[in-house]
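My questions all concern the structure below.
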Amino acid sequence: MTSQTESARAIEEATDGTYKYGFVTDIEAGSAPPGLNEDTVRFISAKKNEPEWLLEWRLRAFRLWEKSQDTEPGWAKVKYPDIDFQAACYYSAPKSREDAPQSLDEVDPELLKTYEKLGIPLREQEMLAGVAIDAVFDSVSVATTFKDKLGELGIIFCPISEAVQEHPELVKKYLGSVVPYSDNYYATLNSAVFTDGSFVYVPKGVRCPMELSTYFRINAANTGQFERTLIIADAGSYVSYLEGCTAPMRDENQLHAAVVELVVFDDAEIKYSTVQNWYPGDADGVGGIYNFVTKRGACRGKDSKISWTQVETGSAVTWKYPSCILQGDGSVGEFYSIAITNNMQQADTGTKMIHIGKNTKSRIVAKGIAAGRSDSTYRGLVRVQPGAEGARNHTQCDSLLIGPECGAHTVPYIESRNPSARLEHEATTSKISEDQLFYCRQRGIGEEDAVALIVNGFCREVLQELPMEFAVEAQKLVAISLEGSVG
Amino acid sequence: MPMLKISNLHVNVDDKAILNGIDLSIDAGEVHAIMGPNGSGKSTLSYVLAGRDGYTVTDGTIQFQGKDLLALEPEERACEGMFLAFQYPVEIPGVPSGTFLKTAVNAIRKYRGEKQYDAMEFLTLVKEKQAELGISPAMMRRALNVGFSGGEKKRNEVLQMALLEPRLAILDETDSGLDIDALKTVAEGVNKMRSPHRAMIVITHYQRLLEYIAPDRVHVLSQGKIAHSGGMELVETLESDGYAGLGIESVQAE
């Protein structure tokens with residue numbers, strides 16, 4: 001991936017080192033038998049050598065989940081068959097080298113074509129496709145290189161399983177403090193069985209000098225299934241975090257239920273950018289990932305800020321509402337979103353902005369693009385609590401339809417309990433017009449490129465929010481996601 | 001061999017005959033004007049040449065530089081050197097004019113097997129052409145045609161024509177709605193583009209533009225056919241006596 005070229009070089013340098021970090025080496029091979037019960041939870045916790053308090057927390061979550069089988073959310077505009085939670089495997093040992101493809105020749109050519117279009121270097125293609133390669137081309141060792149630099153500034157960036165061992169006081173204090181284990185059905189499930197994820201702590205007054213990316217940290221094949229991320233920005237600090245990858249990611253686990261928690265103190269800011277491109281299934285929607293994610297940030301300090309930017313192009317079903325609790329006076333929440341659905345994909349995504357502190361501000365820009373027979377829904381809540389004097393929100397939801405068989409829906413919820421609040425909501429729905437397409441084609445631009453150009457224009461406000469090189473990749477991704485949607 | 005040869009062209013729109021046997025031959029280096037009352041088929045002719053959907057050719061052929069034009073997709077025709085300056089240029093929100101133009105120029109260069117311009121090369125080229133045409137550089141950063149005045153839209157069309165360097169340029173009522181200054185800019189742009197290797201079709205209602213451009217041939221369309229062909233004297237007759245002076249009934253467009 002072009003944006004990480006420089007980092008890729010660092011990766012190459014780092015791969016000469018031996019494999020020192022990460023949980024994979026800590027555990028013996030072995031998988032939990034399929035099914036979910038207390039023993040599964042204990043097994044995962046034991047594999048990770050977790051302290052007693054964390055096991056207890058997991059077990060409380062599991063017991064609640066078990067009792068709340070009928071509370072799986074049904075309000076989203078998505079349809080999928082019942083999930084058999086007992087048939088799934090919640091902890092599997094990393095795949096052995098023999099099972100992995102031995103070279104790119106054994107990898108699905110369709111996948112390789114996409115890598116080609118995104119301009120991903122060969123070595124990274126091998127990693128993404130899970131090819132067994134000799135050098136430990138592994139993000140964990142890269143993280144070590146970065147860790148030295150970050151360490152000088154007192155920034156902690158590591159797998160959360162490592163943070164549990166190395167910084168238990170921080171994890172214990174903040175884990176579940178924004179998304180409690182009882183929050184919702186999938187968050188509860190995640191709390192019981194989360195396998196890994198990222199942990200970031202930025203100390204007071206420190207501006208993190210580089211974009212932190214999970215891309216360097218994706219390690220074991222099963223990290224993605226129940227990922228748990230916790231980021232804390234102490235007073236006056238700043239960090240930009242990139243999650244995901246523009247390259248299509250395959251995973252044999254169909255259900256993904258991640259939880260992300262952000263905590264921001266006085267005058268601090270977290271910028272959290274996501275590009276989600278999990279396998280969407282085939283043209284009939286068979287085999288795609290179900291992505292049920294709970295993301296929430298708490299602006300605890302005055303004048304603190306959280307900015308979520310997301311580009312959602314993958315998964316068969318997306319259910320995701322990155323939210324901000326604007327508790328500190330003058331705190332700011334932002335949500336910039338592009339959700340693209342094609343073929344049979346369904347996305348129900350949006351945000352919640354909860355205004356609690358005085359003079360809190362929030363901004364929502366959501367762009368939904370639907371093609372094929374897909375369905376894209378924006379669902380967002382803006383709530384102003386009685387004490388939130390002078391709260392302001394601006395919401396803009398735009399939908400773009402490509403073809404006659406897709407659907408776009410906007411479901412805004414606004415609850416204001418303070419008369420001084422100023423809330424604005426704008427929504428538009430449009431289609432790519434024949435006139436626009438013909439105009440582009442008359443200038444020599446082929447139909448698919450024309451669609452990509454028009455859609456990128458439609459998304460521009462959001463793409464601008466992405467770190468620059470990530471934005472370049474995201475533009476290419478927009479084009480690839482919509483291939484075959486016209487003509 | 002003529003650059004463009006239209007023979008016995010019959011075209012339907014929604015099963016209604018709009019063009020009823022057009023014969024027209026244009027050589028490289030020539031500028032032809034097409035006039036005619038509303039509804040006579042002028043814009044239909046330009047759209048058929050450019051390959052727009054919804055125009056059904058029921059009879060006849062079009063040869064463009066020896067190729068069967070009707071077998072080509074719109075973008076292939078553009079890449080082969082056909083350019084249509086639109087009567088109503090469309091708006092594309094969020095796409096800067098510069099991005100659009102660079103995409104177009106590079107698409108055409110790619111088709112022709114030429115090296116694609118990088119951002120710096122393209123910028124240099126655009127600045128040069130803008131200076132020649134007296135167009136503000138700020139236009140390149142604005143979303144394509146969004147919030148442009150009528151004059152800005154038409155100047156932008158001329159700028160695009162200058163950058164894409166077509167073999168055959170069709171200007172569909174590019175002069176409509178322009179004040180005298182904008183009209184001069186457009187006319188100068190067109191005149192700068194004249195070359196022994198390039199042909200142009202200028203569709204217009206008015207004498208004024210033709211006075212600046214001085215076409216080699218003038219054709220008057222009526223009811224989907226070329227009713228008269230001649231030189232500038234035809235324009236003068238029209239200006240003094242109207243279409244009635246040529247025995248043509250003026251039909252109001254619906």
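Just so you know, these numbers use all the heavy atoms, side chains as well, and skip hydrogens, waters and symmetry mates. Every chain is numbered from 1, with letters handed out A, B, ... down the list of sequences. None of the values given here were measured: they were computed from a predicted structure.
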Among A:Leu453, A:Leu463, A:Ile454, A:Asp449, which residue forms the greatest number of heavy-atom pairs with chain B at distances under 4.5 Å?
A:Leu453
With respect to chain A, which residue among B:Thr99, B:Thr103, B:Leu144 yields the maximal number of heavy-atom pairs within a distance under 4.5 Å?
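With the most close heavy-atom pairs to chain A, the winner is B:Thr103.
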Can you tell me if B:Thr174 and B:Gln87 form a side-chain donor-acceptor pair at under 3.5 Å?
no
Tell me whether A:Asn456 contacts the main-chain N or O of B:Val95 through its side chain, where contact means a donor paired with an acceptor under 3.5 Å.
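Absent.
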Give a yes or no on whether a salt bridge exists between A:Lys77 and A:Asp348, defined as a side-chain N under 4.0 angstrom from a carboxylate O.
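A:Asp348 and A:Lys77: not salt-bridged.
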Contact class of A:Arg460 relative to chain B, heavy atoms under 4.5 angstrom:
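For A:Arg460, side-chain heavy atoms alone lie under 4.5 Å from chain B.
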Any idea which of B:Ala50, B:Pro74, B:Ala107 has the most non-hydrogen atom pairs under 4.5 angstrom with chain A?
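With the most close heavy-atom pairs to chain A, the winner is B:Pro74.
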So, the part of A:Phe458 with a heavy atom under 4.5 Å from chain B: the answer is backbone
Part of B:Tyr111 within contact of chain A (heavy atom distance under 4.5 Å):
neither
If I measure from the heavy atoms of chain A, does B:Glu91 come under 4.5 Å with its side chain, its backbone, both, or neither?
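When you check distances to chain A, only backbone atoms of B:Glu91 fall under 4.5 Å.
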Side chain of A:Thr274, backbone of A:Gln310: donor and acceptor closer than 3.5 Å?
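No, the answer is negative, given that no donor and acceptor are paired below the 3.5 Å cut-off.
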Counting only non-hydrogen atoms closer than 4.5 Å, does B:Tyr88 touch chain A with its backbone (N, CA, C, O), its side chain (CB onward), both, or neither?
neither
Quick one: what part of A:Cys459 sits under 4.5 Å from any heavy atom of chain B, side chain, backbone, both or neither?
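Nothing of A:Cys459, per the 4.5 Å heavy-atom cut-off to chain B.
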Given that the side chain runs from C-beta out, which part of B:Leu164 has a heavy atom under 4.5 Å from chain A: side chain, backbone, both or neither?
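Answer is side chain: those atoms of B:Leu164 sit under 4.5 Å from chain A.
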By a 4.5 Å heavy-atom criterion (distance strictly below it), what part of B:Pro166 contacts chain A: side chain, backbone, both, or neither?
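Neither part.
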Measuring centre to centre across the rings, with the benzene-like ring taken for any Trp, is A:Tyr272 within less than 6.0 Å of A:Trp308?
yes
Check whether any side-chain N or O of A:Asn343 sits under 3.5 Å from a backbone N or O of A:Gly372 as a donor-acceptor pair, and report yes or no.
no
Counting heavy-atom pairs closer than 4.5 Å to chain A, which one of B:Glu75, B:Gln160, B:Met82, B:Glu73 comes out on top?
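Most heavy-atom pairs within the cutoff with chain A belong to B:Glu75.
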Intermediate values then yes/no, side-chain hydrogen bond (donor to acceptor under 3.5 Å, both in side chains), B:Ser43 and B:Asp172
CA-CA 7 Å; B:Ser43 286; B:Asp172 187 5; 3.1 Å; yes
Between B:Arg198 and B:Met193 (side chain of the first, backbone of the second, donor and acceptor by atom type, cut-off under 3.5 Å), is there such a pair?
yes
For B:Arg77, is it the side chain, the backbone, both, or neither that has a heavy atom closer than 4.5 Å to a heavy atom of chain A?
neither
is_close_aromatic(A:Phe438, B:Phe86), centroid dist under 6.0 Å:
yes
Chain B shares the most heavy-atom pairs under 4.5 Å, among A:Gln442, A:Gln436, A:Glu434, with A:Gln442
Part of B:Asn106 within contact of chain A (heavy atom distance under 4.5 Å)
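Neither the backbone nor the side chain of B:Asn106 comes within 4.5 Å of chain A.
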Contact winner vs chain B - A:Cys440, A:Ser433, A:Gly444, A:Ser430, heavy-atom pairs under 4.5 Å:
A:Gly444
Tell me if the centroids of the rings in A:Phe335 and A:Tyr321 come within less than 6.0 Å of each other.
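No, ring centres 6.0 Å or more apart.
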